[in-house]
Amino acid sequence: MCGRTSCHLAVEVLTRACAYRDRRGQQRLPEWRHPEKYCPSYNKSPQSSSPVLLSRLHFEKDADSSERIIAPMRWGLIPFWFKESDPSKLQFNTTNCRSDTIMEKRSFKVPLGKGRRCVVLADGFYEWQRCQVTSQRQPYFIYFPQIKTEKSGSVGVADSPENWEKVWDNWRLLTMAGIFDCWEPPEGGDVLYSYTIITVDSCKGLSDIHPRMPAILDGEEAVSKWLDFGEVSTREALKLIHPTENITFHPVSSVVNNSRNNSPECLAPVNLVVKKELKASGSSQRMLQWLATKSPKKEDSKTPKKEESDVPQWSSQFLQKSSLPTKRGTAGLLEQWLKREKEEEPVAKRPYSQ
């Protein structure tokens, strides 16, 4: 399942991170609806408001269905047929929607049939691995592998309007497939938009942490097809719903266990204490060697040499059964990104309390 995410970017920066090309091939930025309802946070839980992408055609009758809107929505789908005046009184959990039963449950089948498909945006999501011996749970932060290039710079460059046409080259947001619905209070009032995240069986790399994972849309083509309900049928769109191995993760502090905690510490890598020596696989050994020596291809002569104590030690070697190593350099990029944000982030970018 997916029950906790991080999405902390400010409105302007999140907009830049979601730049796309429309049906005519023109690069565009999605427009916001009710941006004041979006509260950036490193620790989002169900019933909070999170940003989702959806087709403009949902709001404008004659719009191009390839054009996109970003809208904050309530996490936890409230079906259109719900009759109570308080949405929190819904008796069943709609935080997630299983892909194998999506066409069996009215709450999900009806909005899906109406084309109400959305993409849930996040830095990444959290999952907890239960230790069979102690029954304690270790949280992990799970996200797309990040690749640093020569263009990478301060996230703040996104705040400059003249630069929005340039390729987004900072943190790659996780794009998860979702379904949304519109609920009107029986006694009248504003329409409530809410969503659920579709889940699938975990990929091999995550199966030791949890048996389920979000249905991740990996790449612009997958995102476009999922959103464009005007051109892509439900049957075709559902072919995009499957596990992906293009994912990486690292252990994080138990501070994330409390949803009230909202700081960069929630997703920062931590070292795990290994009580017994684990036999590393060949790929794990190669990765650890790379972390210790740095890749010659990525070595920058201007960059001072790292001390041995600075080498990140959070790879998936700490999972007792996992055979998949985390991607190269990702922890270092995350730490640099968090450090830069802490030192340079503008007031508007600081997380709000939920």
Side-chain angles (χ1 to χ4, degrees), residues 2 4-20 27-45 48-54 68-75 118-126 141-149 151-176 178 195 197 214 216-217 220 223 248 252 256 259 261-269 330 333-354:
C2 177
R4 204 77 66 79
T5 65
S6 169
C7 189
H8 82 286
L9 297 180
V11 167
E12 298 82 4
V13 185
L14 188 65
T15 305
R16 273 263 287 119
C18 294
Y20 69 100
Q27 192 166 24
R28 303 172 64 99
L29 290 179
E31 295 183 11
W32 276 83
R33 284 179 61 90
H34 304 298
E36 71 281 357
K37 294 182 179 180
Y38 165 54
C39 295
S41 174
Y42 293 96
N43 196 355
K44 285 188 170 293
S45 57
S48 65
S49 178
S50 295
V52 305
L53 282 174
L54 64 161
R68 301 176 188 176
I69 297 290
I70 301 182
M73 291 189 185
R74 178 190 189 273
W75 186 4
C118 64
V119 173
V120 182
L121 303 171
D123 310 321
F125 71 99
Y126 300 98
F141 183 57
I142 305 166
Y143 49 102
F144 273 137
Q146 306 295 315
I147 301 175
K148 185 176 177 64
T149 71
K151 295 181 181 179
S152 295
S154 171
V155 175
V157 73
D159 298 329
S160 190
E162 63 271 18
N163 290 332
W164 78 264
E165 305 95 340
K166 297 180 182 179
V167 175
W168 173 256
D169 195 53
N170 285 287
W171 192 263
R172 183 187 178 191
L173 292 175
L174 198 65
T175 43
M176 300 175 284
Y195 72 90
I197 295 175
I216 296 170
L217 300 167
E220 176 60 21
V223 170
T248 191
V252 295
V256 75
S259 61
N261 294 332
N262 175 19
S263 72
E265 185 182 358
C266 290
L267 49 76
T330 307
L333 293 180
L334 176 65
E335 290 176 321
Q336 293 171 20
W337 185 57
L338 290 172
K339 181 178 180 181
R340 182 173 64 240
E341 288 211 324
K342 186 175 182 181
E343 293 175 348
E344 302 178 1
E345 76 174 353
V347 174
K349 192 176 174 185
R350 292 172 188 163
Y352 298 76
S353 59
Q354 296 225 70

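Keep in mind that this is a model prediction, so the values were computed, not measured.
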dist Trp75:CH2 -> Cys2:SG (nearest 0.5 Å) comes out at 4.5 Å
Are the side chains of Leu121 and Thr175 in contact, using a 4.5 Å heavy-atom criterion?
yes
All heavy atoms of Gln146 vs all of Arg172, minimum pair found to be OE1-N, 2.7 Å
side-chain hydrogen bond (donor to acceptor under 3.5 Å, both in side chains) filter on Arg4, not counting sequence neighbours, yields Asn43
Check step by step if side chain to side chain contact (heavy atoms under 4.5 Å, CB included) holds for Leu14 and Cys7.
CA-CA 9 Å; Leu14 188 65; Cys7 189; 4.2 Å; yes
All heavy atoms of Trp32 vs all of Pro51, minimum pair found to be CH2-CB, 4.2 Å
When rounded to the nearest 0.5 Å, the distance separating SG of Cys118 from OH of Tyr195 is 8.0 Å
For Pro40 and His8, the nearest pair of non-hydrogen atoms, with its separation, is CB-O, 3.2 Å
Taken to the nearest 0.5 Å, the spacing of Tyr42 OH from Asp123 CG works out to 8.0 Å
### Query
Taking the six-membered ring for Trp, are Phe141 and Tyr126 parallel (under 30°), tilted (30 to 60°) or perpendicular (over 60°)?
tilted
Between the CZ atom in Arg68 and the CG atom in Leu29, the distance rounded to the nearest 0.5 Å is 11.5 Å
With side chain to side chain contact (heavy atoms under 4.5 Å, CB included) as the test, would you mind laying out the steps for Phe125 and Ile197 before giving the verdict? CA-CA 12 Å; Phe125 71 99; Ile197 295 175; over 6 Å; no
- prompt: Are any non-hydrogen side-chain atoms of Val256 and Leu267 less than 4.5 angstrom apart?
  reply: no
Between the OG atom in Ser48 and the CZ atom in Arg74, the distance rounded to the nearest 0.5 Å is 9.5 Å
Distance col, row Met73:CE vs His34:NE2, nearest 0.5 angstrom, shows 10.5 Å
Looking only at heavy atoms, the pair that brings Ser49 and Lys37 closest together is OG-O, 3.3 Å
Residue pair Val11 / Ile70, side-chain heavy-atom distance below 4.5 Å | no
Those residues at least two apart in sequence (or on a different chain) that pass side-chain hydrogen bond (donor to acceptor under 3.5 Å, both in side chains) with Glu265 are none
Side chain to side chain contact (heavy atoms under 4.5 Å, CB included) between Leu173 and Leu9, worked out = CA-CA 10 Å; Leu173 292 175; Leu9 297 180; 4.1 Å; yes
For Pro72 and Arg33 the tightest heavy-atom approach is CD-O, 3.0 Å
What one should report as the nearest heavy-atom pair of Cys18 and Pro30 is O-CD, 3.4 Å
